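To keep things clear, I will list the structure first and then write my remarks on it.
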Number of protein chains: 2
Amino acid sequence: MIKFNEHLENIEIYEAGKPIELVVRDFGINSANVIKMASNENPFGMSPVVSQAIAENSWKGYLYPDDSMFQLKKDLAKKFNVNEKELIIGSGSDQVLEFIARAKLNTSSTVLMNKITFAMYGIYAKQSGASIIKTNSLYHDLSQFLDLYREYKPDIIYICTPNNPTGEAISQESLFNFLDQIDINTLIVIDGAYMEYAKYLNQSFAIEPKELIEKYPNTIYLGTFSKAYGLGGMRVGYGIAKTEIIRPLLKVRPPFNIATLSMLSAIEALKDEDFVIKSIQANFIEMERYEKFLREIGWSYIKSATNFITISLPDGYNSTTISDKLLQVGIIVRNLKGYGLNAVRITIGKKEDNSRLFATIRELL
Amino acid sequence: MIKFNEHLENIEIYEAGKPIELVVRDFGINSANVIKMASNENPFGMSPVVSQAIAENSWKGYLYPDDSMFQLKKDLAKKFNVNEKELIIGSGSDQVLEFIARAKLNTSSTVLMNKITFAMYGIYAKQSGASIIKTNSLYHDLSQFLDLYREYKPDIIYICTPNNPTGEAISQESLFNFLDQIDINTLIVIDGAYMEYAKYLNQSFAIEPKELIEKYPNTIYLGTFSKAYGLGGMRVGYGIAKTEIIRPLLKVRPPFNIATLSMLSAIEALKDEDFVIKSIQANFIEMERYEKFLREIGWSYIKSATNFITISLPDGYNSTTISDKLLQVGIIVRNLKGYGLNAVRITIGKKEDNSRLFATIRELL
């Protein structure tokens with residue numbers, strides 16, 4: 001028997017959200033009638049500027065990408081007013097999380113995160129053999145974070161704002177007050193995967209990477225092209241931090257970690273910020289319809305600063321039953337049972353898709 | 001100062017081969033006049049079946065891929081006559097190498113590999129803190145491998161056939177004789193990134209994954225879409241092994257590690273095996289021209305079973321000078337100085353590109 005690293009023994013193999021193909025296969029529903037509201041992709045897809053550039057350059061996929069990522073780093077550095085050397089590009093911000101775990105953690109490390117937050121923090125920490133400390137609060141309670149930080153002296157603190165899968169955001173003021181109290185040797189990950197939405201909704205939620213890393217050189221800010229920029233399947237995200245943090249992460253970055261057409265799509269996406277703004281505007285118009293609908297049927301929800309809404313199911317309703325019933329008619333939502341919640345997370349879709357969801361839920365009442 | 005894992009301190013940040021964009025930028029050469037012969041991409045690009053499918057489906061890049069990889073695993077399982085559960089898909093076979101290192105190695109591990117071989121074996125081993133033992137022979141000398149195996153009891157043995165960057169292949173017979181003498185607890189990686197070429201050249205080089213893993217359940221076979229299939233920039237490779245090996249690797253696989261259009265491109269590429277065969281045929285016709293040319297000018301080379309040829313430079317010629325001079329006229333080749341060789345590795349290009357290279361080298365004589 002070949003032995004593998006012991007700390008992997010208790011890890012389960014991760015299963016991601018269901019793809020459209022599976023619903024087509026398992027329920028015999030025409031793919032045109034399947035709505036995916038489970039993985040928080042931009043329902044408007046990608047900018048036509050991007051899809052056209054991919055189509056025209058598809059033949060270039062045989063060439064390895066520019067591994068120095070010259071153009072993408074230049075464009076991102078300009079956008080965020082940081083130095084190219086303060087950037088690392090990952091296959092989604094997910095991969096930057098992986099780099100952080102691999103460069104920083106080992107079997108004697110401890111990490112601190114919110115009770116309910118993005119699952120990959122814990123998964124990558126476990127893959128490195130680290131111990132995980134969680135708060136006991138649904139929302140980020142920074143005073144509790146502070147108590148646990150003082151008690152456990154974690155190697156990494158993960159802050160997700162707005163938080164996934166709950167949708168609530170932290171104000172810049174309270175985040176900075178918290179960071180003021182953390183020693184400079186503790187690495188703090190600020191995951192802003194949905195920041196474009198939060199910032200649009202309320203400027204007080206805005207965390208500007210440049211200001212963040214200048215004030216707190218022990219932080220790394222994560223951003224992604226997967227959400228507002230509509231490139232979920234292209235797998236491009238980034239980390240912004242001082243070079244003292246970026247350098248060790250680059251040591252565990254594999255060459256060619258961004259596919260050639262994915263790099264191109266991110267570069268093109270930055271040229272059409274107008275598409276992003278319009279997607280976000282449409283998102284919050286539809287968010288209001290969700291809130292109105294949920295008030296009407298008397299279901300409670302978490303006020304969201306993102307492109308999804310998390311609905312707490314009332315007594316008598318089970319998140320697994322609801323998710324399964326929706327799935328059978330071709331609507332894929334995320335059941336949050338695995339997080340210990342009797343809740344579902346729904347990606348805000350296009351107007352007509354949301355209407356179809358509302359009608360379907362009404363039938364289930 | 002934030003502390004990172006100590007074993008990373010001596011690792012240098014990897015620098016990959018130069019992209020066309022860099023030559024365009026640095027030397028002001030029109031990109032149409034740059035020939036990339038440094039990274040062993042298929043000079044015929046990808047099958048038109050694939051580029052058309054990417055172009056038509058470019059808009060789908062906003063959706064996360066099917067993380068179960070249902071279709072691609074089904075097609076690969078059929079091609080190799082193995083079970084879907086005996087497959088793991090990576091962002092290039094590179095990423096499968098990374099999974100192997102992360103799942104199997106730690107700071108007390110040892111790995112064994114050839115003196116000159118694919119750089120990533122050593123890089124991923126170092127990232128996990130493992131020690132590296134190398135043979136002292138340019139070619140895979142399996143009796144020396146055996147001696148070192150007995151002396152050091154390595155956790156992993158890496159065999160690259162055909163070997164990169166030298167191009168020589170091992171016969172199935174000698175490989176199996178070697179494997180017969182290795183205990184069942186030692187993991188052996190058989191990297192067949194260029195196997196399609198070797199197999200075409202000489203059937204005795206063919207290592208069939210199914211036969212390999214049935215006979216030697218402690219092996220994992222690696223294959224890729226990056227070379228003969230012409231998808232270098234799409235980043236898709238695979239590992240084939242018994243489930244006892246695949247399962248721990250799946251535990252360190254990040255979700256969505258293959259971009260949506262990359263998965264689609266691999267699925268489409270498997271539909272056009274004719275393109276692959278034609279590329280390989282053209283490759284070996286051109287390989288003969290290289291051999292003839294090199295004999296004419298009296299430079300020695302390693303007989304290659306791949307889509308590249310490694311040329312040992314005679315006294316009075318320096319691989320760095322030659323590579324730089326070629327670069328200045330827009331021909332990118334791989335200088336093997338970093339491997340301790342006064343040699344260059346050249347990807348076999350299209351007929352006209354090879355002719356241009358020959359003419360340029362003649363001018364340098």
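In what follows, chains are A, B, ... by sequence order, proteins preceding strands, each numbered from 1. What you are looking at is a predicted structure, and each value in this text was computed from that prediction instead of being measured.
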Could you look at B:Asn106 and say if it's the side chain, the backbone, both or neither that has a heavy atom under 4.5 Å from chain A? both

Less than 4.5 Å to any heavy atom of chain B: does that hold for the side chain of A:Leu105, its backbone, both, or neither? backbone

Should the heavy atoms of other residues, nucleotides or ligands under 6.0 Å from CD of A:Glu84 be counted, would the total exceed 12? yes

Which bit of B:Tyr124 comes within less than 4.5 Å of chain A, counting heavy atoms only: side chain, backbone, both or neither? side chain

Which atoms of B:Met263 approach chain A - backbone, side chain, both or neither, heavy atom under 4.5 Å: neither

As a quick check of understanding, evaluate side chain to side chain donor-acceptor pair (under 3.5 Å) for B:Ser279 and B:Asn42, giving each step before the final call. CA-CA 7 Å; B:Ser279 300; B:Asn42 185 334; 3.1 Å; yes

Interface moiety of A:Glu9 toward chain B, non-hydrogen atoms closer than 4.5 Å: backbone

Does A:Phe70 have B:Arg25 sitting over its ring (NZ/CZ under 6.0 Å from centre, angle to axis within 45°)? yes

Report which part of B:Thr186 has an atom under 4.5 Å of a heavy atom belonging to chain A: side chain, backbone, both, or neither. backbone

So, the part of A:Arg247 with a heavy atom under 4.5 Å from chain B: the answer is both

Given heavy-atom pairs under 4.5 angstrom as the criterion, report whether the side chain, backbone, both or neither of B:Glu56 touches chain A. neither

Is it possible for you to check whether B:Arg253 lies under 6.0 Å from the centre of the six-membered ring of B:Phe99, through NZ or CZ, and within 45° of that ring's axis? no

Less than 4.5 Å to any heavy atom of chain B: does that hold for the side chain of A:Lys242, its backbone, both, or neither? neither

Over all atoms of both residues, closest heavy-atom pair of A:Ala125 and A:Ala101: N-CB, 4.4 Å

